[in-house]
Number of protein chains: 2
Amino acid sequence: MNHIRTISATPCEHDHSGKSVSEQVNAARKICEQQDERFTPLRAHIYELIVRADGPIKAYDLLEQLRPDRGSPKPPTVYRALDFFARLGLVHRVEALNAYIACDHTHPGHVAEFFICERCDEVKETHAHSHENCAPNGFVISSSVIEHYGLCETCALTA
Amino acid sequence: MNHIRTISATPCEHDHSGKSVSEQVNAARKICEQQDERFTPLRAHIYELIVRADGPIKAYDLLEQLRPDRGSPKPPTVYRALDFFARLGLVHRVEALNAYIACDHTHPGHVAEFFICERCDEVKETHAHSHENCAPNGFVISSSVIEHYGLCETCALTA
DNA sequence: AATCAAGACGTTATGCTATAACAGGGAAGG
DNA sequence: CCTTCCCTGTTATAGCATAACGTCTTGATT
C-alpha cells in the first residue's frame, strides 16, 4: 500500500516581465490567428485589461474597467471573452479565487501550477508535468487544477 | 532554466468502502472530541448527509436535504457547518465544482488530490506529497488544491 | 447561585459569480 | 445576393456565499 510514484515539476520562471503589455497582447493575437479564431477589438480590449492586471482579476472587475469606454457592458460580455481565452489557453481560471489570469505560455504535456501569496496577493506560475502517471489506473486526465496558497518568501520573512 | 525537481504522489486507495455511514460519522465525532470541538446534533446530521452523498455535494443540496427534518434552514446553517468541518479537515471543498466531500483520512505532510470523472461524476481521492519542494524559493505553502478532470477507466473505455 | 464569555444556531438581508435565452449585426463563402 | 456562422448586446434569472444581528446554551469564574 501507499506505493510511491514519481512526478516532476518544472519551476520555469513564468513572470511575463520583459514583455510589455502590447507585446503580450500581440502574442495573443498571433495565437488566435494561428488557430483561425478572431481577435476582435472587444477581445483585444479585454485581454489587455487582463494582462495589465498583472495577476488574477475578477470578472466583475473587468466589467467595471470596460465601462467608461464601452457603455455599460453586461456580465456575458466578459464571460464570453473569458471562455474564449480559456479555450485557447490564453487565460487560466484560478479556481479558489474566482479569478482569471493571463498566460501566454503553452507547455504541451504540462499543467499550470500557481503559488498564491495570501498576504501580498502575488502569484507565481510554474508548470508541472501532467499528473497522468499518478492517476488511478486508467483515468484519462483532460484538465488539471493545481493551486497553492501560503506566503511568498518576502512575506514569510516579514510575517 | 526549467530545472526539474521531483515530487511524489501516493495513490493510497481512499474510498471509504468498508466503513459504514455511521462508522464514518462516529470517526468524525471522535476527531472533533479529540480537539475539544463540539460535534452537535446539527453537525452530526449535516456530516451524515455529506457522507451519504458518497461524492461531492453542493451546499444548497445539503440545505434541501436538511429541510423535512429541521424546518427551513438558511444557507448560513450549512456554510457554518462546512467551514467547521473544513477547519478540522473532515471535508474538502472541490473548488472547480463548488462542492464539498467528506474525508475521514488525515495524512500529515500530504495534500488531497482528486480525480473527477466528467461523465459519471465518480471521484477518486488520493494524497500527494506536499508540493513544498517545487515551490518558488522561499514560498511557504499553507494549503493546496489539486484537482484533475477527465474520464475514469470505465467511462474512457465506453466513450 | 449569579455573572460572564464564548460559541452555536436562527434569521434577514444582501452581495458576488455565472449563465440561459433571445435579438441584431457583420464577415466569409457559395 | 443570400445564407451561415459567430460575435455582441440585452434582459432576466439562477447559483453560490457571507455580513450582521439576536437569542440561547454551555461552561468557567466569582
Side-chain angles (χ1 to χ4, degrees), chain A residues 28-29 32-33 35-50 53 56-88 90-101 121 145 147 149, chain B residues 28-29 32-33 35-50 53 56-88 90-101 121 145 147 149:
Chain A
R29 166 173 284 114
C32 280
E33 289 169 353
Q35 306 190 32
D36 272 316
E37 298 280 2
R38 287 152 71 184
F39 200 69
T40 64
L42 175 62
R43 286 173 177 169
H45 188 170
I46 293 177
Y47 197 75
E48 180 176 336
L49 292 175
I50 299 170
I57 184 169
K58 305 215 161 206
Y60 277 70
D61 290 341
L62 281 171
L63 206 49
E64 285 243 334
Q65 294 185 28
L66 280 175
R67 253 210 253 151
D69 300 321
R70 310 190 86 89
S72 291
K74 316 293 187 233
T77 296
V78 161
Y79 283 107
R80 282 195 282 238
L82 289 171
D83 288 348
F84 172 80
F85 295 136
R87 184 157 55 80
L88 270 63
L90 292 170
V91 310
H92 293 296
R93 177 177 156 83
V94 182
E95 293 293 341
L97 296 180
N98 293 335
Y100 304 84
I101 189 167
D121 293 328
V145 174
E147 300 171 5
Y149 295 81
Chain B
R29 167 173 283 115
C32 280
E33 289 168 353
Q35 307 190 33
D36 272 316
E37 297 280 3
R38 288 153 69 186
F39 200 70
T40 64
L42 175 63
R43 286 172 177 170
H45 188 170
I46 293 177
Y47 198 75
E48 179 175 337
L49 292 176
I50 298 170
I57 183 169
K58 305 216 160 205
Y60 277 68
D61 290 340
L62 281 171
L63 206 49
E64 285 241 335
Q65 294 185 28
L66 280 174
R67 253 209 257 151
D69 299 322
R70 310 190 86 89
S72 291
K74 316 293 187 231
T77 296
V78 160
Y79 283 106
R80 282 196 281 240
L82 290 171
D83 288 347
F84 172 79
F85 295 136
R87 185 158 54 81
L88 270 63
L90 292 170
V91 310
H92 293 296
R93 177 177 156 82
V94 182
E95 293 293 341
L97 294 181
N98 295 335
Y100 304 84
I101 189 167
D121 294 325
V145 175
E147 300 171 4
Y149 295 82

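In what follows, chains carry the letters A, B, and so on, assigned in the order in which the sequence lines appear, proteins first and then strands, with residues in each chain numbered from 1.
- Which of C:dT11, D:dT10, D:dC7 sits closest to the side chain of B:Arg80 comes down to C:dT11.
- Residue A:Asp83 contributes atom CG, which lies 16 Å from atom P of C:dT17 at whole-angstrom precision.
- Note on A:Phe84: nothing from the nucleic acid sits closer than 4.0 angstrom, heavy atoms only.
- Look at OH on B:Tyr79: it is 14 Å from C1' on C:dT14, rounded to the nearest Å.
- Taking the six-membered ring where tryptophan is involved, the planes of B:Tyr60 and B:Tyr79 are perpendicular, since the angle between them exceeds 60° and thus also 30°.
- Comparing B:Ser72 and B:Glu37 against DNA chain C, the residue whose closest nucleotide sits nearer the 5' end is B:Glu37.
- Note: CG (B:Asp61) to P (D:dG15) measures 10 Å, nearest angstrom.
- Look at CG on A:Leu82: it is 15 Å from P on D:dC7, rounded to the nearest Å.
- We find that CG of A:Asn98 is positioned 17 Å from P of D:dG15, with the value rounded to whole Å.
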* To do: Report the C-alpha separation of B:Phe85 and B:Tyr100 in whole Å, then their side-chain angles, then the decisive distance to 0.1 Å, and conclude whether the side-chain contact (heavy atoms from CB on, under 4.5 Å) test is met.
  => CA-CA 10 Å; B:Phe85 295 136; B:Tyr100 304 84; over 6 Å; no

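- The distance between atom NZ of B:Lys74 and atom P of C:dT11, rounded to the nearest whole Å, is 6 Å.
- The nucleotide whose nearest atom lies closest to any side-chain atom of A:Tyr60 is, among D:dC6, C:dT17, C:dT12, C:dT17.
- Rounded to whole Å, the distance from CG on A:Leu63 to C1' on C:dT17 is 11 Å.
- A heavy-atom distance below 4.5 Å is found between the side chains of A:Cys32 and A:Leu88.
- Side-chain atoms of B:Asn98 and B:Arg93, non-hydrogen and from C-beta on, do get closer than 4.5 Å to each other.
- Among the heavy atoms of the strands lying under 4.0 Å from B:Tyr100 are primed sugar atoms or P, OP1, OP2 only; no base atom is included.
- For D:dT10, the OP1/OP2 oxygens have no side-chain nitrogen or oxygen of A:Thr77 closer than 4.0 Å.
- When all heavy atoms are compared, the tightest approach of A:Glu37 to A:Phe84 is OE1-CE1, 3.6 Å.
- At whole-Å resolution of the value, CZ in B:Arg67 and P in C:dT11 are 14 Å apart.
- The side chain of A:Ala59 lies closest to C:dA18, out of C:dA18, D:dA19, D:dT8.
- At least one side-chain heavy atom of B:Ile50 sits less than 4.5 Å from a side-chain heavy atom of B:Leu82.
- In this model, the phosphate group of D:dT8 is approached by a side-chain N or O of A:Arg43 to a distance below 4.0 Å at OP1 or OP2.
- Residue contacts shown for A:Pro76 include a base, since a base heavy atom lies under 4.0 Å away.
- When each of A:Pro75 and A:Thr40 is assigned the nucleotide of DNA chain D bearing its nearest heavy atom, the one mapping closer to the 5' terminus is A:Thr40.
- An OP1 or OP2 oxygen of D:dT10 is reached within less than 4.0 angstrom by no side-chain nitrogen or oxygen of A:Arg70.
- The side chain of A:Lys58 places no N or O atom within less than 4.0 Å of a non-bridging phosphate oxygen (OP1 or OP2) of C:dC16.
- When distances run from any side-chain atom of A:Arg38 to the nucleotides D:dT8, D:dA17, C:dA27, the shortest one goes to C:dA27.
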